[in-house]
Enquirer: 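Here it is, the structure, as structure tokens.
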Amino acid sequence: MYFRWEVAMFRRLFCLIFSVLIAVPVFAGENTGTISGKVKVFRARRSADVVVYLTDVPGTFGPPAKHLRIDQKNLIFTPHVLPVVVGTTVDFANSDKVLHNVFSPSKTKKFNLGSYGKDTIKQTTFDKEGKVVLLCNVHTEMSAFIVILPNPYFAKTGNDGSFTITDIPPGKYTLKTWHEKKRPYEQKVTVEAGKTTEINIKLRK
Ligand SMILES: [Cu+2]
């Protein structure tokens with residue numbers, strides 16, 4: 001049996017613990033900044049699949065511990081565009097009943113995984129900055145792109161062209177874009193701790 005004041009104290013204690021738990025992630029973001037905005041791709045159905053990334057960020061950045069993945073399903077590479085940090089290994093899965101053959105003629109990473117069937121996964125490590133086109137020599141209409149970047153400060157636009165890059169150390173950087181059909185765009189950007197820098201970009205050519 002608890003007294004009323006004990007119940008009230010427990011309640012207060014709970015409130016305190018919860019507010020501390022909620023506050024921690026907010027404080028964690030105080031030392032870094034965010035870049036958020038929209039890219040408009042002209043003469044395109046969607047403004048998706050634009051890679052927005054930062055260069056000149058000091059430090060060395062390793063690849064993620066887990067492999068990333070591109071699937072082949074219904075004769076389509078999914079995702080169509082995959083931005084990665086240098087050194088990332090990508091698993092190429094086949095979820096179709098037909099054979100696929102993933103290869104790339106790109107200078108950045110020339111490779112050929114050969115033909116393979118359903119539920120087989122083959123992998124490649126991308127250890128040089130640049131872009132790599134993925135093709136399938138069984139289905140000439142299949143294509144995808146891997147964009148290999150120097151650091152993890154990048155984002156890919158959604159269908160409406162919006163993007164957000166979070167947890168960026170404060171500083172002055174160059175922001176660049178990559179799109180499979182448009183010319184690269186770049187501008188200087190300043191990131192401040194605890195703030196969001198708004199950037200709107202138009203890719204015309
Ligand atoms: Cu194929």
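Note that the coordinates shown come from a computational prediction; the quantities given were computed from them, not determined experimentally. We count ligands from 1, going down the list as the structure has it; atoms in each ligand are counted the same way.
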Enquirer: Can you list, by chain and residue number, the protein N, O or S atoms under 2.8 Å from the Cu ion (ligand 1)?
Expert: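 Under 2.8 Å from the Cu ion (ligand 1) - ignoring waters, which are not counted - the protein N, O or S atoms are His100 ND1, Cys136 SG, His139 ND1, Met142 SD.
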
Enquirer: To the nearest 0.5 Å, how far apart are NE2 in His80 and OG1 in Thr78?
Expert: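 It is 10.0 Å, given to the nearest 0.5 Å.
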
Enquirer: Under 3.5 Å, sequence neighbours excluded: what are the donor-acceptor pairs made by side chains of residues 143-150?
Expert:
none

Enquirer: With hydrophobic residues grouped by side-chain heavy-atom distances under 4.5 Å, do Leu135 and Ile76 end up in a single group?
Expert: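 Each belongs to a different hydrophobic cluster.
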
Enquirer: Throw together a table of side-chain donor-acceptor distances under 3.5 angstrom for residues 93-100, partners on residues two or more places apart or in other chains.
Expert:
unit_1	atom_1	unit_2	atom_2	d
Asn94	OD1	Asp96	N	2.8
Asn94	ND2	Val98	O	3.0
Asn94	ND2	Tyr116	O	2.9
Asn94	ND2	Gly117	O	3.4
Ser95	OG	Asp71	OD1	2.9
Ser95	OG	Asp71	OD2	2.8
Asp96	OD1	Asn74	N	2.6
Asp96	OD2	Asn74	N	3.1
Asp96	OD2	Leu75	N	2.9
Asp96	OD2	His100	NE2	2.9
His100	ND1	His139	ND1	3.2

Enquirer: Do Lys40 and Phe42 form a cation-pi contact, if we require the NZ or CZ to be under 6.0 Å from the six-membered ring centre and within 45 degrees of the ring's axis?
Expert: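 The answer is yes; both the distance and angle limits are met.
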
Enquirer: Under the side-chain hydrogen bond (donor to acceptor under 3.5 Å, both in side chains) test, which residues partner Asp91, sequence neighbours left out?
Expert: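 Partners of Asp91 by the side-chain hydrogen bond (donor to acceptor under 3.5 Å, both in side chains) criterion, ordered by chain and then number, come out as His67, Gln123.
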
